[in-house]
Amino acid sequence: METLERFLAEHKFLENMKPEFIEQIVGCASNVHFPAGEVICREGRDADKFYFIREGKVALDIHMPQKGSISIMTLEKDSVLGWSWLFPPYRWQFNARAKTDIHAIAVEGACLRAKCFNDHEFGYDILQRFSQILAERLQSTRLQLMDVYSANG
Amino acid sequence: MSNLNGNPMLPQSFRIERIKNETDDTFTVELQPSKNVMDLSFHAGQFNMLYIYGVGEIPISISGDPCSQDSLVHTTRVVGTVTKAMRKLRVGDLVGVRGPFGNPWPVEEAKGKDVVLIAGGIGLAPIRPVVNYIIANRHAFKNVVMLYGTRTPKDILYPREIKLWEKKHRIHTFVTVDRAIGNWDGNVGVVTKLVARAPFDPQNALAMACGPEVMMRFTVRELQKRGIVDENIYVSTERNMKCGIGHCGHCQFGSEFVCKDGPVFRYDKIAHLFDVWEV
Ligand SMILES: Cc1cc2nc3c(=O)[nH]c(=O)nc-3n(C[C@H](O)[C@H](O)[C@H](O)COP(=O)(O)OP(=O)(O)OC[C@H]3O[C@@H](n4cnc5c(N)ncnc54)[C@H](O)[C@@H]3O)c2cc1C
Ligand code: FES
């Protein structure tokens, strides 16, 4: 537990979080390892967890009929994988595959949601941090969609 | 390079010595003076006006090594009339050259500091001379980071050199693509996202960015988030040009002329021109 707490406290996403809040997350967390190549989650499946990546690279992709998998983003150390656990219907919106060996901390979505519900101050902190990730990903996606390097960019 | 006859409006005739296809739409030419021996020196970040005889004249950055004056090197991406015509030229053909013009990258000020280079697409061409300069004076710089983003893996410029920057010259190089195709195993995502985890000390770093203006806007924001002050951020801008020497006003950017006050600007001097609404 102590190491989990330390890992979480050191994770960039949880920077400056109150120790008692970190403790709440620890109660829903466990250490996990994915060997390179392993599928971590599949689009459409239950999003019952999310992950704090401690080490390694994860490829996010979406399956396009007739085109196969299109890689949309790479996540690395200090990133968070997954926000679908936050909103109904709690299903993954994309596939994630370990590009290299992954060391991460998995957090049970239902467990954390219950804690957010019971302690709104904690819930607000969590939501604020995830909103920032969503805003950053939206910004990145917009830039990708703008296709700024095209000849007319 | 000295402006021939002291007249910066008169193009000098250069012969194409070599042509190299870099990607589907981008190529590099090496030019040699067709008659006189000339001083080909330039500063990293400067550009030449290249005249494709009978078609038109365009500004193209010098993308060669500022520490070697063997030839003039230009990497050009085909986008319209003049660049298309230039693409059709062959070894031995002549090109008119005026230059070098413009305000260079602050390589001297960067000595003793961490250097963060951020390039998007063809923006790597004007940044490459900075890398060459750093390599030739590697001991003078601390941590050097190169962040490079392109559209797809097949648009990556100078891939062999990039590998050497990392392996031989201690330049931390991170390449990312907006769209992964084929068997690309590298990073996918926008180049601006690489800033957050790049290894440099914001208190003692100088950043130089070159690419599409939208990309640079977001790059500047990420650099600011990391704590680099505006005075230590430099960007290279592009505007249409005619004279290249501050006479015609074609390249006006607010109160500045890109050809003579730029193309490299310290960010705090042009921040007000970069400010736009949230996209
Ligand atoms: C200081 C400076 C340095 C430059 N360095 C380089 C360089 O090293 N390599 C290089 O390839 N280009 C460089 N450029 C851009 C280059 O000058 C233009 O791409 C060129 O002038 C286009 O001429 P054209 O006649 O082929 O296209 P045009 O016929 O003028 O334009 C055709 C189409 O391309 C679009 N277009 C024009 N310019 C650009 C551009 N810069 N980016 C994206 N789309 C454009 C136009 O909007 C139009 O839709 C530089 C520009 C400046 C100002
Ligand atoms: S191109 Fe004429 S003033 Fe800049």
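Naming convention: chains lettered A, B, ... in sequence-line order (proteins, then strands); numbering from 1 in each chain.
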Crowded around [X] [atom1]? As in, over 12 foreign heavy atoms under 6.0 Å?
{"X": "A:K115", "atom1": "NZ", "answer": "yes"}
{"X": "A:R42", "atom1": "CZ", "answer": "no"}
{"X": "A:E121", "atom1": "CD", "answer": "no"}
{"X": "A:Y124", "atom1": "OH", "answer": "no"}
{"X": "B:N240", "atom1": "CG", "answer": "no"}
{"X": "B:E166", "atom1": "CD", "answer": "yes"}

- Highest number of heavy-atom pairs under 4.5 Å with chain A: which of B:I122, B:D155, B:T150?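 Max contact count across the listed options: B:T150.
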- Query: When only pairs under 4.5 Å are counted, which of B:G123, B:G189, B:G149 shares the most heavy-atom pairs with chain A?
  - Reply: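 If we count pairs closer than 4.5 Å to chain A, B:G149 comes out on top.
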- Task: Let me know if B:D185 has heavy atoms under 4.5 Å from chain A in its side chain, its backbone, both or neither.
- Result: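 For B:D185, backbone and side chain are both near chain A.
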Using a 4.5 Å cut-off on heavy atoms from C-beta on, say whether the side chain of [Y] contacts that of [X].
{"X": "B:D178", "Y": "A:Y149", "result": "yes"}
{"X": "A:Q139", "Y": "B:V190", "result": "no"}
{"X": "A:D78", "Y": "B:R197", "result": "no"}
{"X": "B:F218", "Y": "A:V148", "result": "no"}

- Message: Applying side chain to side chain contact (heavy atoms under 4.5 Å, CB included) to A:L143 and B:M215, what does each step give before you reach the verdict?
- Response: CA-CA 8 Å; A:L143 274 177; B:M215 174 218 116; 5.7 Å; no
- Item | Over all atoms of both residues, closest heavy-atom pair of A:Q144 and B:R179 |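 Residues A:Q144 and B:R179, closest heavy atoms: O-NH2, 3.6 Å.
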- Task: For each of A:K99, A:E76, A:K12, A:M73, tally heavy-atom pairs with chain B at distances under 4.5 Å, and name the one with the top tally.
- Result: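 Looking at each of A:K99, A:E76, A:K12, A:M73 in turn, A:E76 comes out on top.
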